[in-house]
Amino acid sequence: MFIPLHDANSLKYIKLQYVTLALIAANVVVYLMTSLGSAQFSEAAVIGFSYIPSVAFDIAQLPPQYEFVPESLTYVTYTFLHGDIFHLGGNMLFLWVFGDNVEDALGHVRYFFFYFICGAVGAFLHGIVAMESQMPLIGASGAIAGIVTAYLVLHPRVKIWVLAFGRIPLRIPAYAVLALWILFQISMFALGGDDQISWACHVGGILAGGVLVFLLRRSDVPLLDKAIVTPDAVVVEDNSAVAPGRAGPVPRWGRQ
């Protein structure tokens with residue numbers, strides 16, 4: 001559909017998006033370890049650290065040699081695994097373009113938990129709709145879907161540069177492209193799209209991100225690009241200023 005390139009949306013509350021940068025670095029390191037290692041090592045990593053619905057819901061059990069972490073932790077560890085460089089690159093590009101402003105709005109610590117909760121909810125919904133599946137779920141797409149949704153709620157009117165259809169550079173408002181992206185994910189989930197992609201995971205991340213951004217954002221961060229405005233002093237007929245919320249001289253035409 002589109003490839004995000006850049007948003008002219010400066011940070012307002014933090015100096016550096018170091019959680020976003022750390023997540024990108026961690027994903028790249030894990031990918032290099034699993035892709036450059038032996039085939040046996042890569043297979044063990046995918047089986048042991050991915051999210052497998054039938055294992056998570058106690059329908060099946062992993063062989064002991066693959067039980068590297070408790071089942072509950074695979075709701076997090078699966079987000080660091082990617083199938084190929086395009087899978088990794090797409091997710092990290094979205095994280096690079098949109099993650100910094102969401103981190104700015106939530107703060108470092110809340111953003112850290114936001115990211116992994118979105119990923120966990122995505123995995124959970126995937127498990128609900130494919131409970132008996134023994135196919136490993138990998139990738140940060142659920143967490144990224146949450147970030148995209150949060151960005152749309154926070155900054156719908158910010159202009160972003162995208163490559164439409166992977167070829168045409170356009171500078172358009174975020175709502176025009178992100179809302180379409182979200183609708184596409186929901187439509188593919190409802191219609192049962194390509195079974196090599198977990199649309200349920202994407203939708204789970206979208207739902208989580210849409211709720212959590214309201215709960216975790218800083219109290220002084222506005223939604224929908226609306227500025228928080230403090231009313232100016234009110235000037236009455238005798239030119240004396242009245243601060244908001246305080247009593248002042250009553251105009252000759254009566255109380256308002």
Side-chain angles (χ1 to χ4, degrees), residues 1-11 17 19-21 23-24 27 78-80 82 86-107 110-126 137-166 170-190 193-194 197-217 221-225:
M1 290 178 61
F2 76 95
I3 300 173
L5 299 176
H6 175 69
D7 67 331
N9 193 3
S10 59
L11 301 177
Q17 66 277 29
V19 176
T20 295
L21 296 175
L23 288 170
I24 292 173
N27 276 275
Y78 90 96
T79 65
F80 292 101
H82 290 85
F86 299 103
H87 189 199
L88 172 72
N91 280 337
M92 294 305 100
L93 183 57
F94 272 74
L95 181 55
W96 169 258
V97 174
F98 302 117
D100 59 339
N101 295 108
V102 178
E103 182 175 350
D104 189 41
L106 272 59
R110 290 181 180 181
Y111 173 74
F112 177 84
F113 288 104
F114 170 90
Y115 180 90
F116 288 112
I117 291 173
C118 288
V121 173
F124 180 75
L125 185 57
H126 170 78
L137 174 68
I138 60 174
S141 300
I144 300 304
I147 286 176
V148 169
T149 306
Y151 190 98
L152 177 61
V153 172
L154 293 166
H155 306 293
R157 291 182 286 182
V158 167
K159 297 290 184 68
I160 59 177
W161 278 101
V162 302
L163 280 181
F165 307 107
L170 296 173
R171 185 171 182 262
I172 55 179
Y175 71 82
V177 65
L178 298 187
L180 183 62
W181 184 88
I182 290 172
L183 289 174
F184 178 75
Q185 310 306 311
I186 296 172
S187 298
M188 293 301 288
F189 171 62
D194 184 356
I197 299 175
S198 176
W199 304 106
C201 182
H202 294 187
V203 171
I206 289 169
L207 294 174
V211 172
L212 290 175
V213 68
F214 287 93
L215 301 177
L216 299 181
R217 67 187 173 95
V221 170
L223 299 174
L224 304 176
D225 284 327

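Position 1 is the first residue of the sequence; numbering continues from there. Not measured: the values here are computed from a predicted model.
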Item to complete: Go through the steps for Val102 and Phe114 under the test side chain to side chain contact (heavy atoms under 4.5 Å, CB included), then give the verdict.
Response: CA-CA 10 Å; Val102 178; Phe114 170 90; 4.2 Å; yes
Item to complete: Could you walk me through whether Cys118 and Ile147 pass the side chain to side chain contact (heavy atoms under 4.5 Å, CB included) test, one step at a time?
Response: CA-CA 8 Å; Cys118 288; Ile147 286 176; over 6 Å; no
Item to complete: Take Gln185 and Trp199, measure what side chain to side chain contact (heavy atoms under 4.5 Å, CB included) needs, and give me the verdict at the end.
Response: CA-CA 6 Å; Gln185 310 306 311; Trp199 304 106; 3.1 Å; yes
Discussion item. Run the side chain to side chain contact (heavy atoms under 4.5 Å, CB included) test on Phe214 and Leu223 for me, step by step, so that the C-alpha distance in whole Å, both residues' side-chain angles and the decisive distance to 0.1 Å come before the verdict.
Written reply: CA-CA 9 Å; Phe214 287 93; Leu223 299 174; 3.1 Å; yes
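The residue from Val97, Asp225, Val158 that alone fulfils the side-chain contact (heavy atoms from CB on, under 4.5 Å) condition with Asn9 is Val158.
Side-chain N or O atoms of Glu103 include one that pairs as donor or acceptor with a backbone N or O of Thr20 at under 3.5 Å. Asp104 contributes no side-chain N or O that, together with a main-chain N or O of Asp100, makes up a donor-acceptor pair within less than 3.5 Å. Distance alone, capped at 3.5 Å, places no donor-acceptor pair between the Arg217 side chain and the Leu106 backbone.
Between Leu180 and Ala176, the closest heavy-atom pair is CB-O, 3.7 Å. Scanning both residues, Tyr151 and Ala174, for their nearest heavy atoms gives CE2-CB, 4.0 Å.
Here CZ of Phe184 is found 11.0 Å from CZ of Phe2. Values are rounded to the nearest 0.5 Å. Between the CG atom in Leu215 and the CZ atom in Arg110 there is a gap of 9.5 Å [rounded to 0.5 Å]. Rounded to the nearest 0.5 Å, atoms CZ (Phe113) and CG (Leu216) are 10.5 Å apart. Put simply, CD1 on Ile206 and OG1 on Thr149 are 5.0 Å apart, with the number rounded to the nearest 0.5 Å. Atom CG of Leu95 is separated from atom CD1 of Ile24 by 4.5 Å, given to the nearest 0.5 angstrom.
Contact of the Ile172 side chain with the Trp161 side chain is not registered, since no non-hydrogen atoms from C-beta on lie closer than 4.5 Å. In this structure, the side chains of Leu125 and Cys201 stay at 4.5 Å or more apart for every pair of heavy atoms. Using a 4.5 Å heavy-atom threshold, the side chains of Leu207 and Val121 count as separate. Taking 4.5 Å as the limit, some side-chain heavy atom of Asp7 sits within range of a side-chain heavy atom of Asn101. Side-chain contact between Ser141 and His202 is present, with heavy atoms from C-beta onward closer than 4.5 Å.
Residues passing the ring-ring contact (aromatic ring centres under 6.0 Å, His included) test with His82, sequence neighbours excluded: His87. For Phe116, the ring-ring contact (aromatic ring centres under 6.0 Å, His included) partners are Phe80, Phe112, not counting sequence neighbours. For Ala143, the side chain to side chain contact (heavy atoms under 4.5 Å, CB included) partners two or more places apart in sequence, or in a different chain, are Tyr115.
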